[in-house]
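Heads up, the thing below is written out as structure tokens.
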There are 2 protein chains.
Amino acid sequence: MTEYEKARDGEVSSALRKVAIDEKMDPEKLRGLVAAGRVVLVGMTRPHSRVIGIGEGMRTKVNANIGTSPDHDSLNIELKKLKVAIEAGADAVMDLSTGGDINTIRRKILDKSNVPVGTVPIYQAVVEVTRSGGKVEDCPVDKFFQVVEDQARDGVDFMTIHCGLVKRLADEVARSRTAGVVSRGGCFLLQWIARNNEENPYYQHYDRLLDIAHEYDVALSLGDGLRPGAIADSTDRPQIGELLVIGELVDRARRRGISVFVEGPGHVPIHEIPVNMQIQKKVCRGAPFYVLGPLVTDIAPGYDHITAAIGGAVAAWHGADFLCYVTPAEHLRLPTVDDVREGVIGTRIAAHAGDIAKGITGAADWDRTLSAARARLEWRTVLDSSIDPQLAHRMYDRSPGEPDELCSMCGEFCAIRGSRRSVKD
Amino acid sequence: MTEYEKARDGEVSSALRKVAIDEKMDPEKLRGLVAAGRVVLVGMTRPHSRVIGIGEGMRTKVNANIGTSPDHDSLNIELKKLKVAIEAGADAVMDLSTGGDINTIRRKILDKSNVPVGTVPIYQAVVEVTRSGGKVEDCPVDKFFQVVEDQARDGVDFMTIHCGLVKRLADEVARSRTAGVVSRGGCFLLQWIARNNEENPYYQHYDRLLDIAHEYDVALSLGDGLRPGAIADSTDRPQIGELLVIGELVDRARRRGISVFVEGPGHVPIHEIPVNMQIQKKVCRGAPFYVLGPLVTDIAPGYDHITAAIGGAVAAWHGADFLCYVTPAEHLRLPTVDDVREGVIGTRIAAHAGDIAKGITGAADWDRTLSAARARLEWRTVLDSSIDPQLAHRMYDRSPGEPDELCSMCGEFCAIRGSRRSVKD
């Protein structure tokens with residue numbers, strides 16, 4: 001039985017119980033949410049991984065994408081990124097490797113990661129086909145499913161599959177947009193569909209996918225191959241058309257007893273984020289929503305951890321459950337180890353801001369602890385309870401020659417000290 | 001006549017005409033907004049400064065705070081910060097110096113700045129009193145106004161005065177909050193009021209202030225001395241109580257023919273930002289709103305340019321007109337030159353995201369230009385039209401060995417190239 005089936009059967013599993021404790025939620029309430037498909041549990045496959053809950057009432061989770069590219073294929077660097085991502089507080093990682101020995105890299109990451117690991121199996125299929133001298137369109141249908149099964153067998157916890165990018169949408173999208181298709185998996189499928197004049201195999205043979213997901217209890221992350229890659233393309237008919245197909249596929253996955261969540265945009269102007277969250281929750285019947293960004297403007301390459309933090313916070317506030325990080329390197333290069341850290345922290349800030357707004361149990365306690373310490377000028381507590389204590393300690397510049405602990409911004413004119421003294425008067 | 005009086009008189013001044021061109025707005029429409037107090041023009045006093053419009057229908061403006069502190073009082077470093085802030089795109093700067101020779105520093109900044117310059121005159125009053133061995137409460141009432149007049153005579157364009165922090169609010173606030181009063185000017189007044197058991201002189205003798213502002217056509221920025229310094233304190237009775245007083249003072253300033261805008265929070269959870277913007281616009285009869293942040297969480301010292309970019313974008317979307325930057329150094333130290341650059345860029349991203357949402361004329365064109373170039377893989381245009389071209393050029397990592405210009409993130413598997421080729425097929 002899958003974790004989802006157990007919950008529907010009324011069972012409070014040990015995995016579910018752990019998540020209930022983490023989330024300060026009554027286990028029976030959580031079981032009901034899992035049974036309704038509104039929360040998905042991920043991370044049961046490898047005993048050394050923690051299990052996380054993604055969805056309604058859960059703390060908003062953060063994913064860090066790592067993995068090689070054809071130009072940068074060092075396993076060691078990717079393992080460093082894994083370590084840094086987890087240290088910085090990522091709740092999950094995805095291995096998106098397309099360079100080097102993909103099987104070895106994935107297995108090492110699965111071995112070293114104590115957080116859930118996701119993949120996009122089509123990458124491996126296409127990389128192997130092109131390495132053998134073929135083109136995307138030469139990828140046999142069976143191979144699309146073979147990579148899924150191989151990776152599931154290795155213990156991958158969740159997989160992005162772009163099942164909703166159906167042929168009629170592929171025909172429409174490429175000509176109607178400023179930035180076309182920017183999802184790698186979506187683009188592979190677009191090419192495969194167009195050149196073979198065939199339906200998307202993951203849609204056509206969706207039941208094969210469900211069989212594999214069921215056997216290994218892998219959560220499906222229904223990918224948005226048509227996510228907008230420019231704010232000019234946001235909330236357009238192809239994007240929403242794909243979401244409607246995904247909604248149907250959510251129903252079918254649930255009927256088969258499989259945990260499923262849904263991926264979302266992408267580049268979206270800030271005022272369109274609420275409607276994007278609402279429409280997803282509605283047409284996908286409460287399935288957890290996993291968003292990439294959203295990036296609220298296109299104009300800031302080098303600062304896209306900030307454009308995505310803005311969008312991610314608004315998205316989480318309006319119901320997004322899982323934020324894929326965006327690093328400063330997005331649109332410019334494969335992220336470095338430092339980019340990974342920046343990306344995780346920025347996205348955690350967004351998730352936390354959203355959790356305060358959503359009223360997640362205990363979220364604002366963190367802020368209260370830090371601010372109460374700040375009001376007492378207890379710097380050690382302020383710095384230690386910061387989201388990145390190392391950085392905060394490094395940056396803090398103590399005001400020299402002051403008996404109280406002040407900082408060099410205001411020095412003796414510190415409003416907090418003045419305000420305290422005024423109360424004592 | 002002040003600029004505001006001219007607009008009310010039906011005059012389209014040369015300053016107004018310049019702003020109308022910059023903002024792509026019909027001059028007569030802009031005149032109407034200025035006459036209604038919904039747009040304030042700033043920067044007319046020094047011939048070498050550009051004039052900016054702050055308010056309804058205007059591009060959201062960004063201010064950078066610079067200035068010495070008792071611990072770091074180098075004029076040269078502050079002039080570097082001024083240069084970097086303007087290069088990074090700040091629309092205005094405020095000189096908040098409290099260390100070194102305050103008059104010289106201010107005059108140098110006024111001399112070197114080609115953007116409007118604001119100050120908080122009470123800082124100088126209190127610094128001078130304490131340097132002479134006095135305490136805050138020893139500051140004579142006349143001195144509060146003398147510094148305003150001296151600075152106005154020097155050509156300061158706008159001044160923050162915490163006129164709304166009245167005695168009954170000061171009595172209430174200090175005991176009811178997690179983080180007390182975090183505004184420096186607010187704190188000075190709190191101490192002065194409490195220890196002298198007198199009303200806030202800027203409130204008590206508000207007409208004196210208006211006389212000076214009228215003589216020099218200085219815009220008044222009615223400061224929020226009681227802005228929340230912790231999200232636990234946001235939107236509380238003292239904050240809103242002060243805003244109500246400020247609303248009355250807006251009316252009085254307008255009756256006297258003075259340009260006036262209003263300052264706002266502070267630390268505010270994201271879901272409370274819309275109501276904060278709406279209540280300000282309502283009770284201050286459409287006066288432009290100048291916000292510091294807002295910071296959507298307290299937990300990220302070292303990353304407060306990000307927490308403020310989130311809040312600033314949401315605030316601008318919901319009506320804020322002028323964003324005061326927050327640097328990564330906020331809460332930790334006086335900002336360095338690099339902090340200033342980061343702060344300006346982060347805040348400009350927030351302002352631009354807000355402008356797209358507000359539908360400011362032409363705002364989304366910038367995104368369209370960049371994304372259209374990206375879709376054509378025209379990297380030079382992408383990098384050159386980025387918000388920080390230098391950084392984008394530095395970070396861009398070209399995929400080696402590829403005939404097309406790709407980046408090292410996806411290399412040969414670039415979705416944009418694939419998507420283009422698919423269309424061409």
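Residue numbers begin at 1 in each chain, while the letters A, B, ... track the order of the sequences.
Annotation for A:Cys187 and B:Ser419: closest pair SG-N, 3.4 Å, computed over non-hydrogen atoms. Among all heavy-atom pairs drawn from A:Ile306 and B:Gly346, the shortest one is CD1-CA, 4.3 Å. Of all non-hydrogen atoms in A:His331 and B:Trp379, the two that sit nearest each other are O-CH2, 3.0 Å. Minimum heavy-atom separation, B:Ala353 to A:Val296: CB-CG2, 3.6 Å. In terms of heavy-atom proximity, B:Cys410 sits nearest to A:Pro70 at O-CD, 3.5 Å. Contact detail for B:His352 and A:Ile299: the closest heavy-atom pair is CD2-CG1, 3.6 Å.
Comparing A:Ala309, A:Ala232, A:Gly354 by how many heavy-atom pairs each has under 4.5 Å with chain B, the most go to A:Ala309. Interface remark: of the candidates A:Asp339, A:Leu383, A:Val127, A:Val127 forms the most heavy-atom pairs closer than 4.5 Å to chain B. Your options are A:Val182, A:Thr336, A:Ile310, and the one with the most heavy-atom pairs under 4.5 Å with chain B is A:Ile310. The residue among B:Arg368, B:Arg374, B:Arg348, B:Arg394 with the most heavy atom pairs within less than 4.5 Å of chain A is B:Arg374. Highest contact tally toward chain B, considering only A:Thr369, A:Asp388, A:Asp233, is held by A:Asp388 [criterion: heavy-atom pairs under 4.5 Å]. Chosen from A:Gly311, A:Pro301, A:Ala329, the residue pairing most often with chain B at heavy-atom distances under 4.5 Å is A:Pro301. The most heavy-atom pairs under 4.5 Å with chain A, out of B:Thr98, B:Asp298, B:Thr178, come from B:Asp298. Annotation: maximal heavy-atom pairing with chain A below 4.5 Å, among B:Phe188, B:Phe413, B:Tyr396, occurs at B:Phe413. Most heavy-atom pairs under 4.5 Å with chain B, from the set A:Pro335, A:Ala313, A:Cys414: that is A:Ala313. Residue with the most contacts toward chain A among B:Ile270, B:Ile356, B:Ile416: B:Ile270 (heavy-atom pairs, distance under 4.5 Å). Highest contact tally toward chain A, considering only B:Gly411, B:Gly186, B:Ser371, B:Gly302, is held by B:Ser371 [criterion: heavy-atom pairs under 4.5 Å]. Your options are B:Ser399, B:Ala392, B:Ala179, B:Ala375, and the one with the most heavy-atom pairs under 4.5 Å with chain A is B:Ser399.
In this structure, chain A has no heavy atom under 4.5 Å from any part of B:Leu96. Of the atoms belonging to B:Arg184, heavy atoms from both backbone and side chain fall under 4.5 Å from chain A. Heavy atoms of B:Trp317 lying under 4.5 Å from chain A belong exclusively to its side chain. Contacts between B:Leu370 and chain A at a heavy-atom distance below 4.5 Å involve the side chain alone, from C-beta outward. Looking at B:Ser386, both its backbone and its side chain come within 4.5 Å of chain A, counting heavy atoms on both sides. For B:Tyr123, no part sits under 4.5 Å from any heavy atom of chain A, backbone or side chain. Neither the backbone nor the side chain of B:Val136 has a heavy atom closer than 4.5 Å to any heavy atom of chain A. Interface residue B:Thr130: only side-chain heavy atoms are found under 4.5 Å from chain A. For a residue to count as touching a neighbouring chain, one of its non-hydrogen atoms must lie under 4.5 Å from one of that chain's; by this rule B:Leu391 touches chain A with the side chain only. For A:Pro389, no part lies under 4.5 angstrom from a heavy atom of chain B. Heavy atoms of B:Glu272 lying under 4.5 Å from chain A are absent altogether.
Remark: B:Met409 CE to A:His72 NE2 distance equals 11.5 Å, nearest 0.5 Å. Atom OH of A:Tyr303 and atom CD1 of B:Ile345 lie 4.5 Å apart (nearest 0.5 Å). Going from atom CG of A:Asp71 over to atom CG of B:Leu406 covers 8.0 Å, rounded to the nearest 0.5 Å. How far CD1 of B:Ile349 is from OG1 of A:Thr297: 7.5 Å, rounded to the nearest 0.5 Å.
Checked by atom type and distance alone, the side chain of B:Ser408 pairs as donor or acceptor with a backbone atom of A:Leu334 at under 3.5 Å.
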**Request:** Given side chain to side chain contact (heavy atoms under 4.5 Å, CB included), test B:Val314 with A:Val314 step by step and report yes or no.
**Result:** CA-CA 8 Å; B:Val314 175; A:Val314 175; 3.6 Å; yes

**Asked** Could you walk me through whether A:Asp367 and B:His267 pass the side-chain hydrogen bond (donor to acceptor under 3.5 Å, both in side chains) check?
**Response** CA-CA 11 Å; A:Asp367 299 71; B:His267 290 239; over 6 Å; no

